[in-house]
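We use all heavy atoms of the structure for the numbers below, so side chains are in, but hydrogens, waters and symmetry mates are not. Being a predicted model, the structure only gives us computed values, none of them experimental. Counting begins at 1 with the first residue of the sequence.
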Amino acid sequence: MMKVPDAASVAAVRALERSIGRKAGGSTGTGLWSAFKLVAEMVGQGRTGSVVTLFCDPGDRYLDKYYSDSWLAGQGLDITPYTRTIDHFLATGNWPGQEPISV
């Protein structure tokens, strides 16, 4: 089990939408954030293997929540630092603060 902040889950579902054009709900975001972090840890340790997560829930129920900037602001959720973490990971394969990958 991995504890994932709500804002990280939302950032992950928004990254998913940007990447593949599919919206998903918070459960999927939690799993995706965790999967990204596990992959980064494995790579950083030079380990190989597979990481699997499920897309648990479609995001159409959350258009006025997770996909609404005004709703996020009203909840006091700032996804910016989490979005930066995901973008950095997807671009480099490294989790911020992790040593760069040697190839």
Check your understanding: Taking a hydrophobic cluster as the set of Ile, Leu, Val, Met, Phe, Trp and Tyr residues connected by side-chain heavy atoms closer than 4.5 Å, whether directly or through intermediates, do F55 and L90 fall within one such cluster?
Key -> yes
Point to revise | Test item: H88 and N94 side chains (from C-beta on) under 4.5 Å apart, heavy atoms | key: yes
**Study point:** T83 and R18, any side-chain heavy atoms less than 4.5 Å apart
**Key:** yes
Study note, to complete from the structure: Looking only at heavy atoms, the pair that brings A40 and W95 closest together is CB-CB, 3.7 Å
Practice item. Apply the test side-chain contact (heavy atoms from CB on, under 4.5 Å) to residues Y62 and D57: give CA-CA distance (whole Å), side-chain angles for both, the deciding distance (0.1 Å), then the verdict. Key: CA-CA 10 Å; Y62 306 103; D57 44 351; 3.7 Å; yes
Exercise for review: Take the angle between the ring planes of F36 and F89 and call it parallel below 30°, perpendicular above 60°, tilted in between.
Suggested key: tilted
Point to revise | Separation between OG of S27 and CG of L54, rounded to the nearest 0.5 Å | key: 10.5 Å
Practice item. Say whether, by atom type as modelled, one donor and one acceptor occur between the side chain of T28 and the main chain of A24 under 3.5 angstrom. Key: no
**Study point:** Cation-pi geometry met for K23 and Y67 (6.0 Å, 45°)
**Key:** yes
Exercise for review: Indicate if V10 and I20 have the same hydrophobic cluster label, given that clusters are the connected sets of ILVMFWY residues with side-chain heavy-atom separations under 4.5 angstrom.
Suggested key: no
**Study point:** Spacing of S9 atom OG and Y82 atom OH [to the nearest 0.5 Å]
**Key:** 9.5 Å
Review point. Quick one: CG on L32 to NZ on K37, what's the gap to the nearest 0.5 Å?
Key: 14.0 Å
Check your understanding: Which atom pair, heavy atoms only, marks the closest approach of Y66 to V13?
Key -> CB-CG2, 4.5 Å
Check your understanding: Could you state the interatomic distance from OG (S70) to CG (D64), rounded to the nearest 0.5 Å?
Key -> 9.0 Å
Review point. Do I86 and L38 share a hydrophobic cluster, counting only Ile, Leu, Val, Met, Phe, Trp and Tyr and linking them when any side-chain heavy atoms are less than 4.5 Å apart?
Key: yes
Review point. Which heavy atom of S34 sits nearest a heavy atom of V4, and at what distance?
Key: OG-CG2, 3.4 Å
Review point. Given the rule in the side-chain contact (heavy atoms from CB on, under 4.5 Å) test, do T30 and K3 qualify, once you have shown the distances and angles that lead to the verdict?
Key: CA-CA 9 Å; T30 299; K3 188 172 183 173; over 6 Å; no
Point to revise | Closest heavy-atom pair and its distance - V43, G93 | key: CG1-O, 4.4 Å
**Study point:** Distance (rounded to the nearest 0.5 Å) between L16 CG and W33 CH2
**Key:** 14.5 Å
Review point. Is the closest basic N to carboxylate O distance between D60 and R22 below 4.0 Å?
Key: no
Point to revise | Side-chain touch L63/S68, heavy atoms, less than 4.5 angstrom | key: no
Review point. How many angstroms lie between CG in L77 and CH2 in W71, if you round to the nearest 0.5 Å?
Key: 6.0 Å
Review point. Are I79 and M2 grouped together when hydrophobic residues (ILVMFWY) are joined by side-chain heavy atoms under 4.5 angstrom apart?
Key: no
Review point. When you look at CG of D6, are more than 12 heavy atoms from neighbouring residues, nucleotides or ligands closer to it than 6.0 Å?
Key: no
